[in-house]
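Small disclaimer: the values here were computed from a predicted structure and weren't measured. All values below come from the heavy atoms of this structure, side chains included, with hydrogens, waters and symmetry mates left out. Every number for a ligand or one of its atoms is a count from 1 in the order of the listing.
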Amino acid sequence: MYFFNRNKGECVMEKKWWQDAIIYQIYLRSFKDSNNDGIGDFNGLISKLDYLNDLGVNAIWVSPHYQSPMDDNGYDVSNYYKVSKDYGNIDNVVDFIEKAHARDMKVIFDLVLNHTSDEHEWFEAAKDPSHPDHLKYHDYYIWQKPKYDNEGNKKMPTNWRSWFGGPVWEYNEKTDEYYLHIFSKKMPDLNWRNENMKNDLKAVAKWWIDKGVDGFRVDASNHLEKNWDFPDAHPGYEHFSSLPKHHEYLEEFGVEIFGPNDIMAMGEAGGATKEEAIKYCGYENNEFDMLIHFGHCWADCDDSNHITPGKWSKGKIDVKSIKNSFNKWFKMLNGEGWNLIYWHNHDHPRILSHYGNDSVYHNESGKMLAYILYMMPGTPIVYQGEEIGMTNVDYENLTDFRDVEVYTEYDNFLSFGATHEVAMQTLRDRSRDNARSPFQWDSSINAGFSSTTPWMNVNRNFSAINLEKQIKDETSIYSTYKSLFKLRKEENISDGILEFIDIENDSSFIYTNETKTAIFLVVSNFTTHKIMTNLDIDINGYENIYNNYTNRELNKEMKLLPYEALVYKKKK
Ligand code: GLC
Ligand code: CA
């Protein structure tokens, strides 16, 4: 297999570290608290490096650790050069990087380039004409004068809807302008048409590279360009997402910063076409090395629901569309770029509650989801707690939730006609906070996360679901993850070729992954009922290597129990 080496500008027979990596995503606030203030931090993370190493992880992606008022848990950066006091200080960060490297683990930081906090000094200057640096920083952000209706009332420049639910505009009295924010109003969007602004962000990336970082995950990377004609459209996403020019910005950043410093970069973008996918992460392009895409993430929305609409509406899981999304990405990038695989991140519900079944089939569905994902080629990202089958939150009060998005959308649901109970169930099913409750280390107070009340409540199921319990148990979800990660490396699973079988079947999830030395076959039932399989392949020579009920000989026709999944191997 050939890999494009950006430094040499040519294709070589050389694999990059991230093509063999298992990336583990850390949501720092909720991973491990070391100083008992209820908030996860770098020293807590350092104390768990041996755990991660033992699990088989070899790269760690850490959610934003920069100084921040924490409106969006750090995605609202107020100083890129300072570490949030919640998480520690720069010495702790450097210590973390060194200790990860000492264990042969790479470090990936989150780079937030689309917006800053409204408490960033650039914005403080930008919004205030009396600030000495006002003229320098005003154009670092996106401003528009108010519009007026026939009665002379002030109107927003457009009716666009922010990703978090409300309008994208906020009025600033001192300049008589609105600023654009496609996320929360405390996160003003940066103006990528401003050269000085771009250079300041490049300097930020370079500064952290010099601290020893091996890679970046570039936040909200498809939103950098906006339609400056500002036409009305609701929600209007096409005017602030995936506009052609954002590729130019990313290319420039890649050529100047990532490439020359041998930095692995992964972007975040939904809905890419083949042409765009290649631009983002084709071997011969300079934007990113891999892309976090969302095709498989919301395969169970109910379009007829107008009370809790869009991603908030829970419908039947469309298994076909999940398979088709994975398949599409493998086919699109085949030989031209490298794929990234994951179930969910900090912006989604917990996979076991979302696509599995956390009540009756916790262990079975947790393992099924594990086999399906981690037997696929590409580079996986595992999200903290996924390896022990953590579930959605069980909060009863609105005030138990922490996410800024929850509060705007809760009001929206009520205004669309939802009762409080319906709105609360929607939050428990679909909100981002589901993935953000503290890691369940053991059955001691606060699940071993902290000895004080955590910033966000632990899930009450922690005495049943925790690491300490699972680590001792060979049949646990944790043991399955660990074993799959070992197998991935031994068998070069990441290099294989993926072929789905009966992809249009809406209950089964069956595929082969053919590596240089073996064919792996994953046969599974993605539903709560029994199904029959019909395998139209040569079934000779396959040996069962994983199962979540019992070992069974491979047959063309097999009756599969709820969430039953089996992995077979045939040597070549
Ligand atoms: C990305 C992050 C999300 C954040 C948003 C704004 O989508 O993953 O958590 O809220 O960008 O920074
Ligand atoms: Ca702490």
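By the criterion of a heavy-atom distance under 4.0 Å, the side chain of Arg217, and not its backbone, is placed next to ligand 1. Contacts between Arg432 and ligand 1 below 4.0 angstrom, taking non-hydrogen atoms only, involve the side chain exclusively. Of the heavy atoms in Phe164, only side-chain atoms (C-beta onward) come closer than 4.0 Å to ligand 1. Within the 4.0 Å heavy-atom criterion, neither part of His223 lies near ligand 1.
The shortest side-chain heavy-atom distance between Ile381 and Tyr24 does not fall under the 4.5 Å cut-off.
Within the 3.0 Å limit, Ile39 places at least one N, O or S atom next to the Ca ion (ligand 2). The Ca ion (ligand 2) has no N, O or S atom of Asp86 under 3.0 Å away, backbone or side chain. With a cut-off of 3.0 Å, the Ca ion (ligand 2) has no N, O or S atom of Ser34 in range.
Using a cut-off of 4.0 Å between Lys/Arg side-chain N and Asp/Glu carboxylate O, Asp289 and Lys16 are scored as not salt-bridged. Salt-bridge formation is not detected for the pair Glu276/Lys279: no Lys NZ or Arg NE/NH1/NH2 atom is positioned less than 4.0 Å from an Asp or Glu carboxylate oxygen.
Atom OD1 is the N/O/S atom of Asp33 found closest to the Ca ion (ligand 2). Its N, O or S atom nearest to the Ca ion (ligand 2) is what matters here, and for Asp37 that atom is OD1.
At the top of the distance list for atom 5 (C) of ligand 1, counting protein heavy atoms only, stands Phe183 CE2, 3.7 Å. Counting only heavy atoms of the protein, atom 4 (C) of ligand 1 lies nearest to Asp72 OD2, 3.3 Å. Protein heavy atom closest to atom 1 (C) of ligand 1, with residue, atom name and distance, is Asp219 OD1, 2.7 Å. For atom 8 (O) of ligand 1, the nearest non-hydrogen atom of the protein is Asp347 OD2, 2.5 Å. Scanning the protein for heavy atoms near atom 7 (O) of ligand 1, the closest one is Glu268 OE2, 3.0 Å.
For NZ of Lys85, the number of neighbouring non-hydrogen atoms (other residues, nucleotides, ligands) closer than 6.0 Å is 12 at most. More than 12 heavy atoms of other residues, nucleotides or ligands shown are found within 6.0 angstrom of NZ on Lys311.
Side-chain atoms of Arg460 come within 3.5 Å of backbone atoms of Asp394 as a donor-acceptor pair (strictly under, hydrogens ignored).
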